[in-house]
Colleague: 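Just dropping this structure here.
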Amino acid sequence: MSKQLAIIPERCSGCKTCELVCSISHFNVTNPKKAAVRVMVVYPHPVVRMPIICSQCRIPKCADGCPVNAITRKNGTVEIDKETCIACLKCLKSCPFGAIFIHDDVEYPFKCDLCGGDPECVKACPKNAILFIPEHVLGQAQRINNVLSYSHMKEIEYFEKGEKKQIRYAEIGKEDV
Amino acid sequence: MNKVKGGYFHKLLKVDLSSNTWEVEPLSDDFISKYIGGRGFGAKLVWDNLKAHNFKIDPLGKENLLVVAPGPFTGLYLPSSGKTSFISISPATGIYGDSSMGGVFGVEFRQTGFDALSLKGKAPELSFLFIDDRDVSLVPAPELAGKGSLEAEGLIKQRLGDFTIHVAVIGPAGENRVAFASVNTDFGRNAGRTGVGAILGSKNLKAIVVRGSKDLPVYDLKKLNLETNKAITYLRNHKFFKFWQEQGLMCVIDYANNMGILPTHNFRDGSFARVNSINGFTMESKYKIGDAACFACPMACSNICLVKEGKYAGTVVEGPEYESCAMLGSNLGIDNFAAVLRANHLCDELGMDTITVGNLIGVLIEGYETGLLSLKDIEGEPLTWGDDEKVMRVIEKIARREGVGDILAGGSRKVIETWPQLSPIISQIKGLEQSAYDCRAAISMALGYATSDIGAHHTRAWTIAKELEDGRDWSLEEKAKLVIFHQTIRPLFDMFGVCRLPWIELGLNENHYAAFFSAVTGLDYSLDELMARSRDIYDLTRLINVKLGISRKDDQPPLRWFKDPVQTGPLAGKVLKREEFNTILDIYYQLRNWDAEGKPNPEVEKIFN
């Protein structure tokens, strides 16, 4: 079962801890500029903070853009093969998310490798803004939200051990079509 | 001789704006192990500059040195490592001044490969200083004149075509040399106190812009990670961790009100009847749209707030934090949280310290109410508690130095010079207005304010909670010792370049920091040794102040605290007793080994020469 990173921008505080731990675990240095994740803070128009990180696309645009076929998707991870890569940086531009990075000290472009299946950024994020979840769960929150916000539901109140509670329900025969 | 094995680039960047030249001065192991960084570096460099000018410096003159210094921890993987200090001789007080800010600026600055920056001289026209991995350049930017700090930050990023650079910028207040102008970064984080923004303004420097990509030096990264993980685990499991992320410093409003120390109506009172409309819960339920954190901070104490309806709709602020909300809210009798947000936004955009602004406008309102000021003095427009629209107008006037705003723009010293009758109602020490803790019932806090090296600010000692919760019956000596402990450990955080909140608010053990220090630098200092370095710096800043004319007469709390009892709340009726204060001041001087006038032992000076 493959897992994917899911980002929840509403939770992100912009603290960049993800960048720090990424650079430490991949390059063994403290340098947010060597991270394969980058927190973008846009303020005040609009107000949003979002970690940018590779989605490990099934049809990777970065691979399409690569003139030497150095980029392939293996076991759910999109990888850049250093043997083949010519560091032309075309992938940086072809990634629709800007999730491939460069640094002066590093010869080849670098990107998220999911830390071999146990991403450091996920563990370190103090706000739980980066989740690592099975692919089949992706979209589930939206699906449930959609169900819960179904506007034609009815509601009754009742008491349980003296505490006021509510139950909402959809009732056959009362459809609003 | 201590060998420094990590944590530093050993480089000080010295920029002379008048001649548009810069040089790199190597920092020796000896210097580093003595002064640590941040405020420590700043105090020493400012001291040297003062000596070179025979202790005669105009804070807004070309000769005044402004030091920008993060610390050896800034940018590292340890809790809340995003702090940078600005150190200089303050235009608000005429003595030593420093102020720190969070965000990411200090991290990015360190990544350019320098440990600190010193600025002197004056640029020929309004410019910004751009520092990157390779070069330092002074870029003329007359188009930024009069621009708000948030707007200017956006414009600079646009001009350089890079939205991830970091900018420390002043607003119109800084350009107009308002004595309490702030330096702003990341659209709303401020080095607010002691008027460091006015110093940048006096140097014709609108902003310092940094873009760095170098690795930050760490001696033993593995050891640091281990220690950090311990500290972070502690913080994340703390029972208040989640609450802290939710409300941040805004949770202090209710705390202060319940304790009876919330500044209300220009510090006349210690609790505010309508506190519920400006407290953390109101913020959370009606205004908060997101969390914001400084670099590497798990606590995310900052809140992003948006006013969604009413006359202030569209106002976005990173904040307010406790001080801003108390000083611009209850202290001015304002119970409309949207108005507090608006006032905070104006102060950020115009580039002014919210604490001082809240103080001075409070004095203006009370002065008019009690007849100490005439209607003519305040330009024919009556000013009353809670009148938010007029408060907004006064804020604008201060930044632009219009009418009555021009007097307030000079800070307490100018206000007292113009209207001596106001001195009984103005809460200031050494010319710096008091931050948001009423201490008529907490003599240790009063002592902390009175002996703070920058004036009436709680950055050096915040003993009020400890005294009111546990220490009301302590002897004066115990209370004085607590103050000295605070004045020693708290500046240490400003020397390291980290935030003290994980320690003071969530109780992270201070020994972690000694462990961080040895992992980062390879210097095997115990916490006691680090405390000794910090204590030396306190002597140094005192020495600076003594040379600039400070003595016992200036270590005095505002008159109000002795004279006007708290009116309502749990501390109603409390006032500070003059005799008791004199006694605790004597004890404090003795414990510090300063003489009865508050002068350090002449031997001390030798340490710094």
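Every value quoted in this text rests on a predicted model; they were computed, and no experiment measured them. In what follows, chains carry the letters A, B, and so on, assigned in the order in which the sequence lines appear, proteins first and then strands, with residues in each chain numbered from 1. What's counted below: heavy atoms across the whole structure, side chains too, no hydrogens, waters or symmetry copies.
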Colleague: Under a 4.5 Å cut-off applied to non-hydrogen side-chain atoms, are B:Y77 and A:S23 in contact?
Modeller: no
Colleague: Mind checking whether B:L216 and A:N31 have side chains closer than 4.5 Å, heavy atoms only?
Modeller: no
Colleague: Between B:R134 and A:D104, does any side-chain N to carboxylate O distance fall below 4.0 Å?
Modeller: yes
Colleague: Quick one: what part of A:D105 sits under 4.5 Å from any heavy atom of chain B, side chain, backbone, both or neither?
Modeller: side chain
Colleague: Would B:D186 and A:V41 count as a side-chain contact (heavy atoms from CB on, under 4.5 Å) if you check the C-alpha gap in whole Å, the side-chain angles of each, and the deciding distance to 0.1 Å?
Modeller: CA-CA 9 Å; B:D186 293 347; A:V41 177; over 6 Å; no
Colleague: Using a 4.5 Å cut-off on heavy atoms from C-beta on, say whether the side chain of B:T164 contacts that of A:M40.
Modeller: yes
Colleague: Check whether B:E108 gets within reach of chain A through its side chain, its backbone, both or neither, counting any heavy atom under 4.5 Å.
Modeller: side chain
Colleague: Against chain A, label B:I304 side chain, backbone, both or neither, depending on which of its atoms sit under 4.5 Å from a heavy atom there.
Modeller: side chain
Colleague: Quick one: which of B:S80, B:G103, B:G154, B:G212 has the most heavy-atom pairs under 4.5 Å with chain A, could you say?
Modeller: B:G212
Colleague: Please determine if B:D215 and A:K33 form a salt bridge, counting it only when a charged side-chain N lies under 4.0 Å from a carboxylate O.
Modeller: no
Colleague: Could you walk me through whether A:L20 and B:F295 pass the side-chain contact (heavy atoms from CB on, under 4.5 Å) test, one step at a time?
Modeller: CA-CA 10 Å; A:L20 265 175; B:F295 189 83; 3.5 Å; yes
Colleague: Select one option (side chain, backbone, both, neither) describing which atoms of B:V316 are under 4.5 Å from chain A's heavy atoms.
Modeller: both
Colleague: For B:N225, is it the side chain, the backbone, both, or neither that has a heavy atom closer than 4.5 Å to a heavy atom of chain A?
Modeller: side chain
Colleague: At a heavy-atom separation under 4.5 Å, does A:C18 approach chain B through its side chain, its backbone, both, or neither?
Modeller: neither
Colleague: With sequence neighbours excluded, what pairs up with A:R168 under the salt bridge (charged side-chain N to carboxylate O under 4.0 Å, His left out) test?
Modeller: none
Colleague: Under 4.5 Å heavy-atom distance to chain A, tell me which part of B:K242 shows up: side chain, backbone, both or neither.
Modeller: neither
Colleague: Output the distance between atom CZ (B:R110) and atom OG1 (A:T30), rounded to the nearest 0.5 Å.
Modeller: 9.0 Å
Colleague: Given heavy-atom pairs under 4.5 angstrom as the criterion, report whether the side chain, backbone, both or neither of A:V47 touches chain B.
Modeller: side chain
Colleague: Please classify the contact between B:F163 and chain A as side chain, backbone, both or neither, with a heavy-atom cut-off of under 4.5 Å.
Modeller: neither
Colleague: Determine whether A:K34 and B:S213 make a side-chain contact, defined as any pair of heavy atoms from C-beta on separated by less than 4.5 Å.
Modeller: no
Colleague: Given heavy-atom pairs under 4.5 angstrom as the criterion, report whether the side chain, backbone, both or neither of A:V42 touches chain B.
Modeller: neither
Colleague: Just checking B:K288: does its NZ atom have more than 12 heavy atoms from other residues, nucleotides or ligands closer to it than 6.0 angstrom?
Modeller: yes
